[in-house]
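See structure below.
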Protein chains: 2
Amino acid sequence: MPKKRILPYVLLGLINNKERLSGYQISQEFKNEVGDFWHASHSQIYPELARMKADGWVSDDESDNKSTYYIVTDQGSEILRNWMREPLDDNEELFSLKLYFIKDKSDPLLKDLITQELVLRKLKYQYLQERLKTVFTDDKKIKNNFGHYLILTRAIERERNHIQWLEDKL
Amino acid sequence: MPKKRILPYVLLGLINNKERLSGYQISQEFKNEVGDFWHASHSQIYPELARMKADGWVSDDESDNKSTYYIVTDQGSEILRNWMREPLDDNEELFSLKLYFIKDKSDPLLKDLITQELVLRKLKYQYLQERLKTVFTDDKKIKNNFGHYLILTRAIERERNHIQWLEDKL
DNA sequence: TGACATTATGTCGTTATCGACATATACTAT
DNA sequence: ATAGTATATGTCGATAACGACATAATGTCA
């Protein structure tokens, strides 16, 4: 099977979050928080929206003569939901994106996502601590690879902070 | 000017870190910590190494009949150093990569990188706090965009933790 | 009212990158 | 012996993604 694309689901999620969005508005959205996890230029957005419309994921509203607004169809909503339910991987950005697409605090997917991510982060945390022990066995190794040492200790602290935050939200 | 490529400098930095590396070893390196910031498949690594050799960035040692090892040339060392000195941007991965390529604790570039990153992170921290105030003005907005709210508060906590770590290392 | 920025949508050529395919040797467990 | 895995290097086709180019309407400031 081909590698799973992310962009179409991001567009679907963004439109779904705001009910209706134009291609231009989507390109502006990437300047905000969501831009920290994903980005696309307008030259990629417009053709993708056209493809999504052709496939029935979205419908467009051209009644406004300034912009073409897109709305998620029932089929698109189903596709987005299925994507949201697919298991996370050790890549943090997928978690962030999916969390961003949760609109309602009471959505059962919210707790599910946090629980999933917590398992993954704890595994990574343990792995990184193991790496620190095996790679930096003595002070000489630290001294001669100081950047690597800093990156590794930073990664551990990052995971610790992230785990704490996730547990707090559960 | 064309967009700045990262991969060649990553390869240069990886080889420089370990003195000598084969293409295969580089592909294995991406399974470790550096893989959290950058990745390349072997089908990209081998042609890139060939190009770097042709351009005099690295020289190869084929004395071992199992692997071809690459060593950074004086010119390559200069190119890597110049890249390391280029100013950082709000993209955290560049900081992580360059930090990873610092071998010696006393390298003056170390403090410079951390100082640069600190400025950028503090700006981002302020910006995110401002966003929180302007986007989530009342409880209804939080309730109806709960994922976005969580992502934003997480981003703020992430920056806070990062800034603390950077200040601790200074 | 002219200049310039912003909104808004689209196409096109280039390239960075990946997965698949290919090949050969060396190691390893049965 | 031999099947399977790891090491090791390479090519090739497909495509995701970007920057450049193009166009037009609207908004804005002097």
Side-chain angles (χ1 to χ4, degrees), chain A residues 1-12 14-15 18 20-32 34-55 58-71 83 89 91 93-94 97, chain B residues 1-12 14-15 18 20-32 34-55 58-71 83 89 91 93-94 97:
Chain A
M1 61 208 126
K3 200 189 173 185
K4 193 81 185 173
R5 294 195 66 202
I6 312 273
L7 178 68
Y9 303 98
V10 173
L11 300 190
L12 220 43
L14 287 173
I15 298 167
K18 297 279 169 74
R20 61 207 300 280
L21 279 180
S22 69
Y24 185 75
Q25 286 178 314
I26 290 172
S27 73
Q28 298 305 300
E29 272 294 298
F30 285 119
K31 292 179 179 170
N32 298 335
V34 72
D36 286 341
F37 327 121
W38 202 263
H39 183 263
S41 56
H42 82 273
S43 59
Q44 206 187 357
I45 292 167
Y46 289 112
E48 193 62 40
L49 285 171
R51 198 234 72 207
M52 287 163 71
K53 186 194 164 193
D55 289 358
V58 293
S59 61
D60 65 349
D61 173 7
E62 291 184 70
S63 64
D64 184 308
N65 65 342
K66 272 180 68 180
S67 294
T68 305
Y69 289 96
Y70 291 87
I71 300 113
W83 177 74
D89 54 40
N91 175 2
E93 96 195 349
L94 259 189
L97 276 173
Chain B
M1 63 208 124
K3 201 188 172 186
K4 193 82 186 173
R5 293 195 66 201
I6 313 272
L7 178 68
Y9 304 97
V10 173
L11 300 190
L12 220 43
L14 287 173
I15 298 165
K18 295 279 169 73
R20 61 205 299 281
L21 280 179
S22 68
Y24 185 76
Q25 286 177 315
I26 290 172
S27 72
Q28 299 305 301
E29 272 294 299
F30 285 120
K31 293 179 180 171
N32 298 335
V34 71
D36 287 341
F37 327 121
W38 202 262
H39 183 263
S41 55
H42 81 274
S43 58
Q44 205 187 358
I45 293 167
Y46 289 112
E48 192 61 40
L49 285 171
R51 198 235 71 206
M52 287 163 71
K53 187 194 164 192
D55 289 356
V58 293
S59 61
D60 66 346
D61 173 6
E62 291 185 68
S63 64
D64 183 310
N65 64 341
K66 270 180 69 181
S67 294
T68 306
Y69 288 96
Y70 291 87
I71 300 112
W83 177 75
D89 54 40
N91 175 2
E93 96 195 348
L94 259 189
L97 276 174

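Note that this is a predicted model, so its numbers are computed, not measured. In what follows, chains carry the letters A, B, and so on, assigned in the order in which the sequence lines appear, proteins first and then strands, with residues in each chain numbered from 1.
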In whole Å, what is the span from the [atom1] atom of [X] to the [atom2] atom of [N]?
X       : N      : atom1 : atom2 : value
B/Ile6  : D/dC18 : CD1   : P     : 14 Å
B/Glu48 : C/dC18 : CD    : C1'   : 15 Å
B/Glu62 : D/dA8  : CD    : C1'   : 13 Å
B/Lys66 : D/dA6  : NZ    : P     : 15 Å
A/Leu49 : C/dA8  : CG    : P     : 14 Å
A/Leu7  : D/dT15 : CG    : C1'   : 13 Å
A/Glu29 : C/dA8  : CD    : C1'   : 16 Å
B/Gln25 : D/dT7  : CD    : P     : 10 Å

- Message: Quick check: on DNA chain D, is the nucleotide nearest B/Ser27 upstream (toward 5') of the one nearest A/Ala40, or the reverse? Name the residue that is more 5'.
- Response: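 In this pair, the answer is B/Ser27.
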- Drop me the distance from A/Leu11's CG to A/Met52's CE, to the nearest 0.5 angstrom.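 Spacing of CG (A/Leu11) from CE (A/Met52) equals 5.0 Å.
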- Atom OG in A/Ser22, atom CD in A/Gln28: separation rounded to 0.5 Å? 8.5 Å
- Message: If you assign each of A/Tyr69 and A/Pro47 to its closest nucleotide in DNA chain C, which residue comes earlier from the 5' end?
- Response: A/Tyr69
- Query: Minimum heavy-atom separation for B/Glu93 to B/Phe37, with atom names?
  - Reply: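 In this case the closest contact between B/Glu93 and B/Phe37 is OE1-O, 3.5 Å.
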Could you tell me whether [X] contacts a base, only the sugar-phosphate backbone, or nothing, with contacts defined as non-hydrogen atoms closer than 4.0 Å?
X       : answer
B/His42 : base
A/Ser43 : base
B/Ser41 : base

Ignoring backbone atoms, test whether [X] places a side-chain nitrogen or oxygen under 4.0 Å from the OP1 or OP2 oxygen of [N].
X       : N      : answer
B/Tyr24 : D/dT9  : no
B/Gln44 : C/dT17 : yes
A/Tyr46 : C/dG10 : no
A/Ser67 : C/dA8  : yes
A/Arg5  : D/dA17 : yes

- Message: Show, in sequence, the C-alpha distance, side-chain angles and deciding distance for B/Ile15 and B/Leu49, and conclude whether the side-chain contact (heavy atoms from CB on, under 4.5 Å) test is met.
- Response: CA-CA 11 Å; B/Ile15 298 165; B/Leu49 285 171; 3.9 Å; yes
- Query: Choosing from C/dT17, D/dA8, D/dC18, which nucleotide comes nearest the side chain of A/His39?
  - Reply: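 Nearest to the side chain of A/His39 among the choices is D/dC18.
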- Item | Step-by-step side-chain contact (heavy atoms from CB on, under 4.5 Å) determination, B/Phe30 to B/Leu14 | CA-CA 10 Å; B/Phe30 285 120; B/Leu14 287 173; 4.0 Å; yes
